[in-house]
Colleague: 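Let me begin by handing over the structure; questions about it come next.
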Amino acid sequence: MQTSRLPGEFALIARYFAPLARGFPGAYGLLDDAAVIAPAAGCELVAKTDAIIGGVHFLPDDPADLIARKALRVNLSDLAAKGAQPRAYMLDLALPNTIEEDWVAAFARGLAIDQAEYSVHLIGGDTNSTPGPVTIGIMAFGDIAAGRIIRRGGAHPGEGIFVTGTIGDAALGLRVLRGEIPCIDAAAAQFLVGRYRLPQPRVTLGPRLVGLATAALDISDGLVADLRHICEVSNLVAIIETQRVPLSPAARVAIATENNGLALALTGGDDYEILFTAPPSVADELAEVSQAFGIPITAIGHMEAPSAGTKTGVRVMDAAGRPFALEREGWVHF
Ligand code: ADP
Ligand code: MG
């Protein structure tokens with residue numbers, strides 16, 4: 001058996017992770033068994049965990065700093081969609097013995113960059129070796145005013161369906177990385193790949209949706225699949241129109257050259273944008289929020305009550321008002 005190229009578990013923690021806990025008293029410098037975290041006055045803690053796995057969520061030779069930032073950001077994206085302000089996170093790291101210390105150093109540097117960007121601290125975790133691929137589990141905690149979390153089930157008939165940012169970039173970016181969309185220019189390719197490798201969680205915008213959005217989630221599995229989740233818990237039908245779905249200029253170019261490119265954008269996932277419903281009465285406030293953060297908020301359809309005998313779910317309409325056929329709605333693991 002090959003011996004590990006890493007220093008021992010506790011040396012790794014002291015060298016690379018303890019510095020990331022500085023400034024958070026309840027982390028006790030990562031020198032105790034557990035951490036203490038209290039919500040801000042009048043708030044509750046929202047907790048979320050998400051793991052990313054080499055070969056499943058990232059490519060094994062992706063840069064370690066970007067892998068770390070993606071692992072953190074996918075969790076912050078969930079907190080944002082719930083309206084919560086991120087505070088802290090824990091890190092469960094499983095490393096195969098092919099990993100070298102430089103990799104861990106770069107990984108910790110990536111975390112440090114995003115801790116500064118999003119004002120969060122590492123407060124604990126676990127470190128293990130594994131015979132499998134690199135596996136990174138993060139659990140993130142955020143503050144939300146008590147009782148104000150934005151859930152999936154609050155949508156009503158007649159409300160609009162909105163998304164932040166643009167849809168489909170990351171799924172197209174993964175295709176670009178695999179060499180499956182060769183005929184787009186370098187700048188467009190770089191933009192799409194960047195959207196795949198480094199999501200932009202809507203951390204500042206999300207909390208501003210409290211009191212405006214009636215249901216929300218972040219798009220990780222695909223726009224249509226994730227909208228279905230809102231439909232199922234809200235017991236409604238969603239009608240969306242393909243020509244209203246916001247696409248970046250690079251995505252438009254990629255879609256024009258790619259068979260089924262639009263379907264991929266609608267179902268590919270990894271967008272980490274917020275998908276939400278809101279009543280027509282808050283349209284002006286949504287426009288203000290969009291303006292304040294410089295992030296587009298686009299209406300893509302509306303919610304309806306299912307008519308007698310029909311099921312909840314998502315109906316996708318093309319520019320001519322005909323049903324837009326999809327082979328699948330999004331990513332599923334099994
Ligand atoms: P042991 O498993 O021997 O009990 P622990 O898992 O308790 O050791 O780790 C010691 C301390 O280091 C704890 O405070 C734990 O939260 C922290 N820790 C371990 N691994 C990580 C990690 N990957 N990131 C952050 N903190 C970690
Ligand atoms: Mg332990």
Side-chain angles (χ1 to χ4, degrees), residues 1-40 45-79 84-143 197-199 201 203:
M1 201 176 103
Q2 196 183 357
T3 54
S4 178
R5 304 164 194 200
L6 290 172
E9 171 190 348
F10 296 107
L12 273 186
I13 294 166
R15 214 172 285 171
Y16 297 107
F17 299 131
L20 300 172
R22 262 181 224 140
F24 198 100
Y28 305 121
L30 305 187
L31 292 169
D32 213 314
D33 295 291
V36 168
I37 176 169
L45 283 178
V46 178
K48 162 67 191 178
T49 180
D50 225 329
I52 67 171
I53 299 166
V56 180
H57 302 91
F58 59 91
L59 307 173
D61 55 356
D62 280 345
D65 55 333
L66 291 186
I67 295 170
R69 296 168 76 188
K70 182 165 183 173
L72 179 55
R73 287 174 181 220
V74 299
N75 281 280
L76 300 184
S77 177
D78 276 298
L79 295 185
Q85 194 98 48
R87 292 269 313 282
Y89 66 100
M90 302 183 97
L91 170 66
D92 278 342
L93 198 54
L95 300 174
N97 63 13
T98 49
I99 289 292
E100 301 189 3
E101 188 169 352
D102 282 356
W103 190 96
V104 180
F107 184 86
R109 268 200 308 279
L111 291 177
I113 292 169
D114 274 3
Q115 288 198 184
E117 167 102 28
Y118 298 113
S119 306
V120 292
H121 286 93
L122 179 62
I123 62 169
D126 203 13
T127 305
N128 294 287
S129 58
T130 174
V134 172
T135 302
I136 303 151
I138 284 189
M139 177 174 279
F141 304 90
D143 279 328
R197 283 201 167 143
L198 199 59
V203 165

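Only a predicted model underlies this, so the values are computations on that prediction, with no experimental measurement involved. When a ligand or atom number is given, it counts from 1 through the structure's own listing order.
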Colleague: I want to know if ligand 1 touches A34 in the polar sense, i.e. an N/O pair below 3.5 angstrom.
Modeller: no
Colleague: Quick check against the 3.5 Å criterion: does D143 have a side-chain atom that pairs as donor or acceptor with the backbone of Q85?
Modeller: no
Colleague: Applying side-chain hydrogen bond (donor to acceptor under 3.5 Å, both in side chains), which residue pairs with at least one partner in residues 11-26 are found, sequence neighbours left out?
Modeller: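 Non-adjacent pairs meeting side-chain hydrogen bond (donor to acceptor under 3.5 Å, both in side chains): R15-E101, Y16-E101.
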Colleague: Can you list the atoms of ligand 1 that are under 4.0 Å from a heavy atom of L30?
Modeller: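 Answer, ordered by atom number: 11 (C), 12 (O), 14 (O), 25 (C), 26 (N).
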Colleague: Check each of F107, F10, Y28 against atom 10 (C) of ligand 1 and report the one with the nearest heavy atom.
Modeller: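 Comparing heavy atoms across F107, F10, Y28, the nearest one to atom 10 (C) of ligand 1 lies in F10.
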Colleague: Using a 4.0 Å cut-off to any heavy atom of D32, which atoms of ligand 1 qualify?
Modeller: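 Those qualifying, in numeric order: 11 (C), 13 (C), 14 (O).
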Colleague: Only heavy atoms of L122, strictly under 4.0 Å: list the atoms of ligand 1 that pass.
Modeller: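 The atoms of ligand 1 under 4.0 Å from a heavy atom of L122 are 24 (N), 25 (C).
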Colleague: Of the options L93, L66, D102, L95, which is the one that meets F107 in a side chain to side chain contact (heavy atoms under 4.5 Å, CB included)?
Modeller: L93
Colleague: Looking only at N/O atoms, are G125 and ligand 1 under 3.5 Å apart anywhere?
Modeller: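 Between G125 and ligand 1, an N or O pair is found under 3.5 Å apart.
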Colleague: State, yes or no, whether a side-chain contact exists between F58 and V134 at a heavy-atom distance under 4.5 Å.
Modeller: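 Answer yes - side chains close enough.
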Colleague: Under the rule for side-chain hydrogen bond (donor to acceptor under 3.5 Å, both in side chains), what residues qualify as partners of E100, not counting sequence neighbours?
Modeller: R5
Colleague: Assess whether a salt bridge exists between R109 and D65, defined as any Lys/Arg side-chain N lying under 4.0 Å from an Asp/Glu carboxylate O.
Modeller: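 Answer for the salt bridge query: no.
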Colleague: Show the atoms of ligand 1 that are less than 4.0 angstrom away from any heavy atom in T127.
Modeller: 19 (C), 20 (N), 21 (C), 22 (C), 23 (N)
Colleague: Mind checking whether L20 contacts ligand 1 via backbone (N, CA, C, O), side chain (CB onward), both or neither, at a 4.0 Å heavy-atom cut-off?
Modeller: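 No part of L20 is near ligand 1 at this cut-off.
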Colleague: Would you say the side-chain atoms of R197 pair up with the backbone N or O of D62, donor to acceptor, closer than 3.5 Å?
Modeller: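 The answer is no, because no donor-acceptor pair under 3.5 Å joins these two groups.
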Colleague: For ligand 1, which atoms, with element, lie under 4.0 Å from some heavy atom of G124?
Modeller: 16 (O), 24 (N), 25 (C), 26 (N), 27 (C)
